[in-house]
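The structure presented is a predicted model; accordingly, all values stated were derived computationally and were not measured. Note: hydrogens, waters and symmetry copies are ignored here, and every other heavy atom, side chains too, is used.
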Amino acid sequence: MKPYVTWNGLVCGYAGRDALNLPFSGEIREAGVYAIQGPNGCGKSTLLRTWLGLQVPRGGSVTLLGSAPARVHTISEGLGYVPQFHKVNHFFHVSVGDFIRQGFGPASRQRTQEQDDRIHELLAQWQLDTDANRSFHELSGGQKTRAMVARAVASFPKLLFLDEPLASLDTCCQKMLMDNMHDLAHHRGVCVVMVDHHFEPFERHLSARVAFHRGHNAEVCSVTVEALRPSCCVSSSS
Amino acid sequence: MTFTALGEFLSRPHFALWENLSLSFTQVALSSTLLVSLMCGLLSPAVVLKQRAYVGDTLAHLVFPGVIGAYFFAQAFDLPLWASLVVGAAITGFIGNVLVNFLERRLRIPPDAAAVVTLTSFFAVGVVAVSKVSGTRVDLHTILFGDVLTLEWTDVATLGVVALFTLIALAALRHDWDAWGSDPEFAAISGFRVTLVERLFPVLTTFVVLAGMFAVGSLMISALLAIPAVLAGPRSFVSLRTVAVSMAMALVGFALAFEFDWPVGSAIVLVGGVLVVMKAAVLNRRTHKRS
């Protein structure tokens with residue numbers, strides 16, 4: 001089976017600015033929940049965006065499910081993405097139902113019974129049953145995050161990337177999210193990659209930890225990959 | 001007293017617009033106004049919801065020297081006027097955009113400050129150029145305030161083509177516009193045509209600004225782009241309600257302009273402005289009632 005994510009000598013950063021990390025290499029081989037951790041501004045979200053192909057790497061290469069990240073994506077690639085909720089345009093009042101429908105990609109142009117059933121299922125699963133017709137922006141921070149996760153998993157992705165989903169959730173919802181991610185990883189074979197600051201209560205759910213370290217007087221971070229379950233991933237220094 | 005005057009006004013047997021509707025220049029002016037309001041209504045949700053309301057203003061000023069240059073170029077070499085204007089506007093619009101980005105990046109200033117510096121500089125170039133020539137159709141007054149009464153049936157046909165292109169570009173890609181408008185990165189990952197929509201947006205805005213400039217003027221076109229979505233509160237980037245509001249606003253403004261001999265562009269913007277304030281007042285009253 002092809003590895004979920006492979007990266008070689010990867011350096012992240014924005015064009016015209018300094019690199020954010022020292023080169024590092026590794027491979028995610030198994031479905032599981034993978035944490036990306038590190039101090040503010042070290043490049044965690046940039047790494048996520050680079051793996052997704054939204055950001056061109058400053059150096060090195062990435063493959064997703066055996067191929068280089070596509071320049072133009074399709075829903076059939078099997079990628080799901082949950083950006084930080086403030087990335088959603090807060091002037092555009094789309095209903096929660098229509099918001100989740102976007103998760104079907106261009107197929108949402110043709111409204112089908114199958115899509116409607118899946119949306120109802122997701123609304124119930126993420127405790128948003130009564131909110132289908134409300135504007136997305138009328139939801140609380142936690143409800144927004146749940147709606148964004150529901151949208152990202154609507155098309156059954158193989159790889160799911162989440163950017164700081166725990167920050168806006170209370171303890172109960174954090175547990176619900178992590179339990180659901182664990183279920184997706186271990187019963188549906190989804191590889192879940194999450195950026196966040198605090199995974200301490202959920203260490204048992206994690207397969208591996210990608211950690212950014214900023215040394216004293218160092219302008220760029222070094223990155224380590226620590227496997228918490230045997231053979232789920234490998235890392236090598238470049 | 002006020003109500004009596006209003007009653008007398010409404011019970012008049014004929015309005016000026018109705019009386020003049022059989023005249024060709026009235027038909028041309030009305031058709032142009034409705035087509036410009038159709039285009040602005042179509043593009044208004046994207047302009048407002050993507051927080052690009054200032055872009056209409058910026059573009060209207062950026063393209064000014066290009067329009068002037070193209071006019072003289074078309075005269076000198078006997079080229080088709082509208083095609084020359086579009087090319088001239090596109091060239092200065094492109095140069096202006098590059099300059100805005102350059103200033104923003106190099107000087108580390110906010111995008112609106114970079115836009116204002118560039119748009120006023122470009123507009124100044126246009127004013128200097130136009131001050132050297134008078135007595136042509138493209139004079140400063142027309143550019144600033146527009147004048148639908150100077151348009152011809154060929155202009156209406158051109159406006160119709162631009163309106164049709166805008167309609168097709170929005171309606172055919174409706175879900176892509178909505179996904180891009182809501183969350184562009186998610187839309188890109190999910191296979192929506194984000195790149196196409198991102199490239200189309202400035203093209204459509206340039207077309208609409210240019211088309212509208214001759215009807216309502218560069219000072220008013222950004223208001224026509226912003227007000228319909230502010231009034232209608234659309235839940236999609238392709239909103240029939242917003243188009244209907246835009247065209248109704250234009251029609252009322254046009255009728256008022258004919259009735260009281262006001263400039264058409266100003267009358268439409270005035271109607272829109274009053275409605276926006278009224279909407280805010282009604283919402284404010286409702287909020288106070290609830291609390």
Side chain from CB out, backbone as N, CA, C, O: work out which of these in [X] comes under 4.5 Å of a heavy atom of chain B, or both, or neither.
| X | value |
| --- | --- |
| A/Ser95 | both |
| A/Pro83 | side chain |
| A/Val72 | neither |
| A/Thr74 | backbone |
| A/Arg101 | neither |
| A/Leu79 | both |

Within a radius of less than 6.0 Å around [atom1] of [X], do more than 12 heavy atoms belonging to other residues, nucleotides or ligands occur?
| X | atom1 | value |
| --- | --- | --- |
| A/Arg188 | CZ | no |
| B/Tyr54 | OH | yes |
| A/Tyr14 | OH | yes |
| A/Asp18 | CG | no |

Using side-chain heavy atoms (C-beta onward) and a distance below 4.5 Å, is A/Leu52 in contact with B/Glu185?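 A side-chain contact under 4.5 Å is absent here.
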
B/Ser190 side chain reached by A/Phe104 side chain, heavy atoms, under 4.5 Å: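 The answer is no; the side chains never approach within 4.5 Å.
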
Side-chain donor/acceptor of B/Arg235 to backbone N/O of A/His93, under 3.5 Å: yes

Let's test your reading of the structure: which of B/Ala179, B/Pro184, B/Gly233, B/Ala188 forms the most heavy-atom pairs below 4.5 Å with chain A? B/Ala188

With side chain to side chain contact (heavy atoms under 4.5 Å, CB included) as the test, would you mind laying out the steps for A/Asn89 and B/Gln51 before giving the verdict? CA-CA 9 Å; A/Asn89 182 349; B/Gln51 299 160 66; 4.1 Å; yes

Separation between [atom1] of [X] and [atom2] of [Y], rounded to the nearest 0.5 Å:
| X | Y | atom1 | atom2 | result |
| --- | --- | --- | --- | --- |
| B/Ile189 | A/Tyr81 | CD1 | OH | 7.5 Å |
| A/Phe92 | B/Lys50 | CZ | NZ | 10.0 Å |
| B/Phe186 | A/His73 | CZ | NE2 | 12.0 Å |

For [X], is it the side chain, the backbone, both or neither that has a heavy atom under 4.5 Å from a heavy atom of chain A?
| X | result |
| --- | --- |
| B/Arg174 | neither |
| B/Ser236 | backbone |
| B/Asp178 | both |

Apply side chain to side chain contact (heavy atoms under 4.5 Å, CB included) to residues B/Ser182 and A/Phe136 and explain how you reach the verdict. CA-CA 10 Å; B/Ser182 170; A/Phe136 175 80; over 6 Å; no

Between A/Arg49, A/Met148, A/Glu77, which shows the greatest number of heavy-atom pairs under 4.5 Å with chain B?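 Option with the greatest count: A/Arg49.
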
With a 4.5 Å cut-off on heavy-atom pairs, point out which of A/Gln102, A/Arg151, A/His90, A/Lys87 contacts chain B the most. A/Arg151

Which pair of heavy atoms, one from A/Ser108 and one from B/Phe192, lies closest together, and at what distance? OG-CZ, 3.8 Å

